[in-house]
Amino acid sequence: IESEPIKAGCVGNCVEGRGTEAETLKIANIDKAAGIVAGTDNDANNLSILMTAKDLSPHIYTVARQNHRSNNLIFAAAHIDQVMQYSDVLTLKIQALLTSPLLGDFLELARNHNNEWAKELTYKLRNIADNETPDIWTIQIDDSAAPTIIDAINGGEKIRIGHVTSDPRKYGNQLNCLPLLLKRGDKLSLLPQVEESIQIGDQILFCGDYGIAPLIEWTLQNYNTLR
C-alpha cells in the first residue's frame, strides 16, 4: 500500500492509499495476510494502520516503524508484536548483511512467494523465536569451519542438515532453529529440509533462538557430537 505509488516505485500488485483506512486494507486482502508492516515516517499513521488492521484481522502479526523515541510509551501501550526504531532498523540491516551475506539472497527469493507461503513461514518463525527477533547466522562447510563434516563426507558418510541441527546435549533431539537457505555453488535452495544432504563447500543460512549457533558450531568442530 502506497499513498504515492509512482513516486515510491511501487508497481504491479500495489494498492493506492494511506493504509489508515479500513477500505484500503480490505482491498489489499488484509484478511489473508500473515502480517503487516507499518513503515511510514509518521508515527501516528503507523499506529493507526496497525490498529485498523487488528480490528479487521485480530490475529495478524504487527510490525511498526517508530520514528521518535519520545513515543515509546504510546507504542508500548499499543501491544504491537515488533517495534523497530528507524535508527535501529538501519543498524540491524547493515549488521545482518555483513555477518550473514546470504540473508540478502533469502529475502530476494522470498519476495517471489505468495501470502500463504509467508503465513506458513511466519508461523514457523514464531514457534522458533517465541515472538522475539530470531538470531541469524551462516555456516560454511569447509576444513576450517566444519572439519568433522568434511572428514565424515570424505569417509563416505552421507551427512544431512539434520545431523548439523541435532542437539549435542541430548541425543535424538533437534535444536530450535530453521534452515532458511542452502547455497551450493551458484544454486540457491529456499527452506531446505533437514533430510537434505550436505556437500563440501555448501553454505547454509539459519535462524533460531539465541545460543543455538554455538551448539551447531560445537557439532561442526567436535568429532564426538556428530550423530
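Below, all heavy atoms of this structure are taken into account, side chains as well, without hydrogens, waters or symmetry copies.
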Is there a donor-acceptor pair closer than 3.5 Å between any side-chain N or O of Asn127 and the backbone N or O of Lys124?
-> no
Here the gap from Thr219 atom OG1 to Gln221 atom CD, rounded to the nearest 0.5 Å, amounts to 10.0 Å
Keeping the roles fixed (side chain from Ser48, backbone from Ala44), state whether a donor-acceptor pair exists under 3.5 Å.
-> no
State, to 0.1 Å, how close Ile128 and Cys177 come at their nearest heavy-atom pair, and which atoms those are.
-> CD1-C, 3.7 Å
Looking only at heavy atoms, the pair that brings Gly17 and Ile1 closest together is O-CG2, 3.4 Å
Measure the spacing between CD1 of Ile80 and NZ of Lys54 and express it to the nearest 0.5 Å.
-> 9.5 Å
Between Asp81 and Thr62, is a side chain to side chain donor-acceptor pair (under 3.5 Å) present by the stated rule, with each step listed?
-> CA-CA 5 Å; Asp81 293 307; Thr62 52; 3.2 Å; yes
Heavy-atom side-chain proximity of Ile212 to Asp135 below 4.5 angstrom | no
No-hydrogen, no-angle side-chain donor-acceptor test under 3.5 Å, Gln174 and Thr165 = yes
Shared hydrophobic cluster for Val83 and Val63 (ILVMFWY, side-chain gaps under 4.5 Å) = no
Is it true that the side chains of Arg65 and Asn67 contain a donor and an acceptor less than 3.5 Å apart?
-> yes
Of the non-hydrogen atoms in Ala64 and Leu50, which two are nearest, and what is the gap between them?
-> CB-CD1, 3.5 Å
Glu196, CD atom: more than 12 neighbouring heavy atoms under 6.0 Å | yes
Gap separating the NZ atom of Lys26 from the OG atom of Ser57, nearest 0.5 angstrom = 12.5 Å
In terms of hydrophobic clusters joined by side-chain contacts under 4.5 Å, are Tyr210 and Trp137 together?
-> no
Decide yes or no on side-chain contact (heavy atoms from CB on, under 4.5 Å) for Leu178 and Cys207, but give the supporting numbers first.
-> CA-CA 5 Å; Leu178 178 70; Cys207 73; 4.1 Å; yes
Should we count CD of Gln193 as having more than 12 external heavy atoms under 6.0 Å?
-> no
Do Ser166 and Tyr171 have side chains that get closer than 4.5 Å, going by heavy atoms?
-> no
Check whether any side-chain heavy atom of Pro192 sits under 4.5 Å from a side-chain heavy atom of Ile161, and report yes or no.
-> yes
Measure the spacing between CG of Leu181 and CD of Gln203 and express it to the nearest 0.5 Å.
-> 9.5 Å
Does the side chain of Asn72 come under 3.5 Å of the side chain of Gln66 through a donor N or O and an acceptor N or O?
-> yes
What are the two closest heavy atoms between Leu47 and Ala78, and how far apart are they?
-> CD2-CB, 3.9 Å
Indicate whether the side chain of Thr20 and that of Asn45 have a donor and an acceptor atom separated by less than 3.5 Å.
-> no
Please state whether the rings of Phe106 and Trp117 are parallel, tilted or perpendicular, taking 30° and 60° as the class boundaries.
-> tilted
Dump the intermediate steps for side-chain contact (heavy atoms from CB on, under 4.5 Å) on His113 and Leu190, then the final yes or no.
-> CA-CA 11 Å; His113 289 266; Leu190 199 59; 3.4 Å; yes
Kindly work out whether a path of hydrophobic side-chain contacts (I/L/V/M/F/W/Y, heavy atoms less than 4.5 Å apart) joins Val194 to Leu102.
-> no
Do Ile49 and Val37 sit in the same hydrophobic cluster, where Ile, Leu, Val, Met, Phe, Trp and Tyr count as joined when their side-chain heavy atoms come under 4.5 Å apart?
-> no
Side-chain donor/acceptor of Asn71 to backbone N/O of Ile74, under 3.5 Å = no
Can Thr138 and Ile204 be said to form a side-chain contact (heavy atoms from CB on, under 4.5 Å), step by step?
-> CA-CA 5 Å; Thr138 300; Ile204 308 172; over 6 Å; no
Might you confirm whether atom OH of Tyr123 has over 12 heavy atoms from other residues, nucleotides or ligands at distances under 6.0 Å?
-> no
Can you tell me if Thr40 and Asn46 form a side-chain donor-acceptor pair at under 3.5 Å?
-> yes
Return the minimal non-hydrogen interatomic distance between Leu109 and Leu188, and the atom names on each side.
-> CD1-CB, 3.9 Å
Do Asp209 and Asn176 get their side chains close enough for a donor-acceptor pair, meaning under 3.5 Å?
-> yes
So do the side chains of Arg169 and Leu215 get within less than 4.5 Å of each other, counting heavy atoms only?
-> yes
Cluster overlap Met84 with Ile60, hydrophobic side-chain contacts below 4.5 Å | no
Pair Thr148-Ile150, side-chain contact (heavy atoms from CB on, under 4.5 Å): steps then yes or no = CA-CA 6 Å; Thr148 60; Ile150 298 296; over 6 Å; no
Minimum heavy-atom distance between Ile198 and Arg184, given as atom pair plus value = CA-NH2, 4.1 Å
Is the closest basic N to carboxylate O distance between Lys158 and Glu195 below 4.0 Å?
-> no
Which distance, rounded to the nearest 0.5 Å, do you find between the CD1 of Ile200 and the CD of Gln140?
-> 11.5 Å
Say you draw a straight line from CD1 of Ile30 to OG1 of Thr52; how long is it, rounded to the nearest 0.5 Å?
-> 9.5 Å
